[in-house]
Amino acid sequence: MLHIYNSLTRKKELFTPQEAGKVGMYVCGITVYDYCHIGHARMFIVFDVLYRHLQALGFNVNYVRNITDVDDKIIARAAENNESVEQLTGRYIEAMLEDETALNVLRPSHEPRATAAIDDMIQLIQQLIDKGFAYAADNGDVFYSVSKFEHYGELSGRKLADMRAGERVAVDTNKEDPMDFVLWKSVKPGEPSWPSPWGDGRPGWHIECSAMAKSHLGEQFDIHGGGMDLQFPHHENEKAQSEAAHGHTFAHYWMHNGFVRVDEEKMSKSLGNFFTVREVLKLYSGEELRFFIINSHYRSALNYSTAQLDAARAAVQRLYTALRGTRDDAALGIDQTFIDRFEQSMNDDLNTAEAFAVLFDLATEINRLDDVESDQATVFANTLRALGGRLGLLQDDPETALQGLPSDDDSIDAAAIDALIAERDAARAEKNWQRSDEIRDQLTQAGITLEDSGGKTTWRRG
RNA sequence: GGCUGAAUGGCAGAGUGGCUAUGCACCGGAUUGCAAAUCCGUUUACCUCGGUUCGACUCCGGGUUCAGCCUCCA
């Protein structure tokens with residue numbers, strides 16, 4: 001029985017989909033004007049793990065994650081680069097897909113782009129105006145009237161009065177209430193725009209998600225996710241729009257992943273302390289980065305450091321090392337005891353850290369057996385691979401994974417390594433330990449570790 | 001100022017009212033030509049002050065420190 005922490009109620013709750021066997025899930029994706037950083041990667045991976053887990057539990061999952069491809073920052077960046085908005089967003093969407101592939105993130109069922117859903121947004125805004133929840137200002141902007149929606153503040157646990165007291169935004173004179181937020185922005189010279197009943201303009205950020213969620217998942221669906229910082233105002237506003245327009249609950253469970261920090265401070269574009277995914281992938285594999293991210297609970301803060309990535313490398317190596325030499329014979333089946341333990345952990349609000357303990361126990365069991373090709377070892381290996389797969393890990397050939405790691409030293413290639421190993425084997429056969437150790441030292445310097453076991457020498461990076 | 005959430009061994013990170021997390025690192029042993037990998041074993045903990053309890057790291061209350069949100073943000 002899956003329990004997930006619902007940000008709306010601030011409690012772990014039993015997960016019950018609105019329709020048996022099916023799950024509708026919407027996650028706020030990114031605004032594409034730059035390369036993805038580790039914080040974005042965490043969101044991709046956390047919800048990818050949830051997606052995989054729901055599927056493993058037998059649910060038919062409709063997973064929607066949007067792409068925001070029109071917004072102030074995109075427009076500004078495109079102008080800076082002297083290119084069109086489409087060129088800019090196209091490039092960064094490509095880059096995002098590359099990063100996701102490297103991190104072994106599954107493609108969601110749908111990845112709608114905001115610019116392709118303008119009609120839906122206009123319709124939704126009109127609905128809000130008709131119902132009295134929104135109003136058009138003289139300048140062509142349309143605003144949502146926060147005070148009309150009695151549940152406003154419910155998701156983020158704030159009261160309107162408190163928010164007004166803490167108001168830090170310059171007051172927009174077109175608004176009736178400083179807390180009101182924009183649904184439609186009237187066009188500015190040189191900016192992309194679409195025709196609407198209120199004049200040419202473009203949508204506000206929050207309405208995008210309300211509209212795209214509705215068109216792919218309906219007015220009500222199961223899970224809505226995103227980064228912690230989206231809880232307010234983005235999700236609060238999204239909820240207010242959708243619930244006011246439709247007259248009933250929007251998402252049943254709200255899930256928010258915690259942040260990645262650098263030196264105990266949030267990693268973000270504005271602070272400039274971010275590391276892009278592709279930057280990190282020069283020295284660590286996507287799998288190592290993925291391990292680092294899901295080694296801790298998705299709601300806790302995660303401090304980024306290379307020491308942590310080194311630890312992730314060692315951990316992933318341990319798992320692949322255990323799989324090395326094992327048979328891949330599905331006919332022998334899996335060990336249900338470990339599967340059950342794993343599922344129990346994952347069902348507890350995605351306790352991936354505890355789930356990893358099960359994988360490491362399996363690794364120990366395999367290592368304990370004298371014969372890695374025995375039926376028992378094969379069952380454990382099958383189980384380890386299967387559970388690894390549920391986390392998006394351990395799907396590579398062990399040898400390939402251990403030898404193909406990114407490294408800052410690529411002075412020596414596989415053929416050269418094999419040649420040196422052959423030479424060393426010859427030296428060892430003659431008990432020429434001096435020459436043998438020389439070769440091993442040379443390889444160690446190049447970041448290659450040799451292992452002599454079972455009369456055979458294997459190598460790995462790191 | 002308002003609202004959240006944290007504080008666990010050298011590091012990372014789970015969890016529990018009394019019983020081994022796990023990974024990395026360390027130490028001892030096995031194995032190895034020596035290593036590496038692996039196995040066996042050992043050591044190191046629960047921010048602080050009160051309270052509840054036979055017993056609390058775990059529950060309750062105060063305090064301290066840290067982070068996040070309240071503006072665009074995964």
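What you see is a predicted model, and the numbers here were worked out from it, not measured in a lab. Here is the naming used below: chain letters follow the sequence lines, and residue numbers restart at 1 for every chain.
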| Atom CZ of A:Phe360 and atom P of B:G15: how far apart are they, to the nearest Å? | 17 Å
| said: B:A14, OP1 or OP2 - any side-chain N/O from A:Ser300 closer than 4.0 Å? | reply: yes
| request: Please confirm whether A:Lys269 makes a cation-pi placement over A:Tyr33, using NZ or CZ under 6.0 Å from the six-membered ring centre and within 45° of the ring normal. | output: yes
| said: Does the structure place the NZ or CZ of A:Arg158 under 6.0 Å from the centre of the six-membered ring of A:Phe232, at an angle of no more than 45° from the ring's axis? | reply: yes
| task | Determine the interatomic distance between C1' on B:U58 and the same-named atom on B:C46; round to the nearest Å. | result | 9 Å
| B:U42 and B:A30, which share atom name C1', separated by this distance in whole Å | 15 Å
| task | Scan every strand shown for a Watson-Crick or G-U wobble partner of B:G55, both distances under 3.5 Å, and answer none if you come up empty. | result | none
| said: Measure CG/A:Leu362 against P/B:G23 and give the value in whole Å, please. | reply: 12 Å
| said: Check this for me: does the side-chain of A:Arg440 come within 3.5 Å of the base of B:C34 through a donor and an acceptor? | reply: yes
| field | Heavy-atom pair with the smallest gap, counting every atom of A:Asn382 and A:Arg327 | value | OD1-O, 4.1 Å
| Across all strands, who's sitting opposite B:U65 as a Watson-Crick or G-U wobble pair, both distances under 3.5 Å? | B:A6
| task | Ignoring hydrogens and angles, tell me if any N or O in the side chain of A:Ser285 forms a donor-acceptor pair with the backbone of A:Glu288 under 3.5 Å. | result | yes
| note | pair_partner(B:G1), Watson-Crick or wobble, both distances < 3.5 Å, evaluates to B:C70
| message | Just N and O in the side chain of A:Asn367: are any of them under 4.0 Å from OP1 or OP2 of B:A37? | response | no
N/O contacts under 3.5 Å, protein versus nucleotides 3-7 of chain B?
from: B:C3; atom 1: O2'; to: A:Gly157; atom 2: O; distance (Å): 3.2

| For RNA chain B, whose closest nucleotide is more 5', that of A:Gln317 or that of A:Lys266? | A:Gln317
| Is A:Asn351 side chain donor-acceptor paired with the B:G15 base, going by distance under 3.5 Å alone? | no
| query | In terms of the angle between their ring planes, are A:His235 and A:His224 parallel, tilted or perpendicular, with boundaries placed at 30° and 60°? | reply | perpendicular
| Less than 4.5 Å apart, any side-chain heavy atom of A:Glu13 and any of A:His3? | no
| request: Could you work out the separation of B:U43 and B:G10 based on their P atoms and round it to a whole Å? | output: 15 Å
| message | If I take atom CZ in residue A:Arg318 and atom P in nucleotide B:U38, what distance separates them, rounded to the nearest angstrom? | response | 6 Å
| request: Provide, to the nearest angstrom, the distance between the CG atom belonging to A:Asp361 and the C1' atom belonging to B:A14. | output: 13 Å
| query | In whole angstrom, what separates A:Asn257's CG from B:G68's C1'? | reply | 13 Å
| remark: Answer for the Watson-Crick or wobble partner of B:U22, both distances under 3.5 Å, is B:A12
| With rounding to whole Å, what would you report as the distance between B:C47 and B:C39 at their C1' atoms? | 38 Å
| field | A:Phe259 six-ring centre to A:Lys266 NZ/CZ under 6.0 Å and within 45° of normal | value | yes
| query | Taking OH from A:Tyr284 and C1' from B:C24, how many angstroms apart are they, rounded to a whole number? | reply | 13 Å
| message | Using whole Å, what does the distance between atom P of nucleotide B:C72 and atom OH of A:Tyr33 come to? | response | 13 Å
| task | Report the distance from atom CD of A:Glu265 to atom P of B:G68, rounded to the nearest whole Å. | result | 6 Å
| field | Under 3.5 Å on both distances, the Watson-Crick or G-U partner of B:U32 | value | none
| Stacking check: are the rings of A:Trp433 and B:G33 less than 5.5 Å apart at their centres and under 30 degrees in tilt? | yes
| said: Tell me whether the NZ or CZ atom of A:Arg390 lies within the 45° cone about the ring axis of A:Phe342 and under 6.0 Å from its centre. | reply: no
